[in-house]
Amino acid sequence: MRNTMPKGKPNKFSMRVYAVVAGIPAGKVATYGQIAAYIGNPLAARAVGEAMRNTPAYLDIPCHRVVNKRGETAPGHAFGGSGKQRAMLEREGVLFKANGTIDMRECLWREKDG
DNA sequence: AATTTGACAGCGA
DNA sequence: GTCGCTGCCAAAT
């Protein structure tokens, strides 16, 4: 087996990301930039995405509630299919538009929500 | 140690 | 409204 060991490496940065993402209520979604800004790095949206990619399952992080600013779900190779993420979000109450994007105007997570 | 890539965001034309 | 360039952080090669 070529290094089948889990690569979960929750660093300080990633930990902050997980903490914020974990605070996202069901039926709401947050953007990478929003999370990045929340943890103190408004320009680290990219790093947030990387953290999500390394999100260990045992942390129970709703990474599916994290989408880009366009309201689009992950490219697809993340949750086993972009449709999967969309299904989970819809199941939690997130509204999707006809074009397949999330209605950010209503479903974007706000501090007041939590 | 250095370079490249990546689940992104913001600004200008 | 779209298209292109720049900036940031972390992980992989």
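Within every chain, numbering begins at 1; the chains are lettered A, B, ... in the order of the sequence lines, protein sequences first and strands thereafter.
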Give a yes or no answer on whether the side chain of [X] reaches the backbone of [Y] with a donor-acceptor pair at less than 3.5 Å.
{"X": "A:Gln85", "Y": "A:His64", "result": "yes"}
{"X": "A:Asn54", "Y": "A:Glu50", "result": "yes"}
{"X": "A:Asn41", "Y": "A:Leu43", "result": "no"}

Rounding to an integer number of Å, can you tell me how far [X] [atom1] sits from [N] [atom2]?
{"X": "A:Tyr32", "N": "C:dG7", "atom1": "OH", "atom2": "C1'", "answer": "18 Å"}
{"X": "A:Tyr18", "N": "B:dA7", "atom1": "OH", "atom2": "C1'", "answer": "12 Å"}
{"X": "A:Met88", "N": "B:dA7", "atom1": "CE", "atom2": "C1'", "answer": "13 Å"}
{"X": "A:Arg70", "N": "B:dA7", "atom1": "CZ", "atom2": "P", "answer": "14 Å"}
{"X": "A:His64", "N": "B:dA7", "atom1": "NE2", "atom2": "C1'", "answer": "14 Å"}
{"X": "A:Arg53", "N": "B:dC8", "atom1": "CZ", "atom2": "C1'", "answer": "15 Å"}

Touch check for [X], heavy atoms < 4.0 angstrom, all strands: base, sugar-phosphate only, or nothing?
{"X": "A:Phe13", "value": "sugar-phosphate"}
{"X": "A:Thr73", "value": "nothing"}
{"X": "A:Asn68", "value": "sugar-phosphate"}

For nucleotides 10-13 of chain B, list the nitrogen or oxygen atoms of the protein found under 3.5 Å from its nitrogen or oxygen atoms, one pair per line.
unit_1	atom_1	unit_2	atom_2	d
B:dG10	OP1	A:Lys69	NZ	3.2
B:dG10	OP2	A:Lys69	NZ	2.2

Taking side-chain contact (heavy atoms from CB on, under 4.5 Å) as the definition, give me every residue that meets it alongside A:Arg70, ordered by chain and number, with sequence neighbours left out.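 For A:Arg70 the side-chain contact (heavy atoms from CB on, under 4.5 Å) partners, ignoring immediate neighbours, are A:Asn68, A:Glu72.
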
Listed once per pair and sorted, the ring-ring contact (aromatic ring centres under 6.0 Å, His included) pairs that draw on residues 92-114 of chain A, sequence neighbours left out: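 Every pair satisfying ring-ring contact (aromatic ring centres under 6.0 Å, His included) with a residue in residues 92-114 of chain A: A:Tyr38-A:Trp109.
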
For [X] against [Y], the heavy-atom pair lying closest together:
{"X": "A:Lys28", "Y": "A:Val94", "value": "N-CG2, 4.0 Å"}
{"X": "A:Ala44", "Y": "A:Ala36", "value": "C-CB, 3.7 Å"}
{"X": "A:Ala30", "Y": "A:Leu108", "value": "CA-CD1, 4.2 Å"}

Taking the minimum atom-to-atom distance to the side chain of A:Cys63, which one of B:dG6, C:dC9, B:dA7 wins?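 It is B:dA7.
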
What's the closest nucleotide to the side chain of A:Ala45 if the choices are C:dA11, B:dC8, C:dA10?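 Out of C:dA11, B:dC8, C:dA10, the nucleotide with an atom closest to A:Ala45's side chain is B:dC8.
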
Residue whose closest nucleotide on DNA chain B lies nearer the 5' end, A:Glu50 versus A:Gln34: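 Upstream on the strand: A:Glu50.
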
Spacing of A:Ile102 atom CD1 and A:Cys107 atom SG [to the nearest 0.5 Å]: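 Between atom CD1 of A:Ile102 and atom SG of A:Cys107 there are 7.0 Å.
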
Would you measure the distance from the C1' atom in B:dA7 across to the matching atom in C:dC3 and give it in whole Å?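 Pairwise C1' distance, B:dA7 against C:dC3, rounds to 22 Å.
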
Check this for me, if you would: do A:Glu92 and A:Arg65 make a salt bridge, where the nitrogen-to-carboxylate-oxygen distance has to be below 4.0 angstrom?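 A:Arg65 and A:Glu92: salt-bridged.
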
Charged N to carboxylate O under 4.0 angstrom, A:Arg86 versus A:Glu90?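 A:Glu90 and A:Arg86: salt-bridged.
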
Run the ring pair (Phe, Tyr, Trp, His ring centres under 6.0 Å) test against A:Phe13 and tell me which residues pass, sequence neighbours left out.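 For A:Phe13 there are no ring pair (Phe, Tyr, Trp, His ring centres under 6.0 Å) partners, ignoring immediate neighbours.
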
For nucleotides 1-4 of chain B, give me every protein contact, N/O to N/O, under 3.5 Å, one pair per line with atom names.
none

List in numerical order all residues of residues 95-110 of chain A for which some heavy atom is under 4.0 Å away from an atom belonging to DNA chain B.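 Correct list: empty, so none.
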
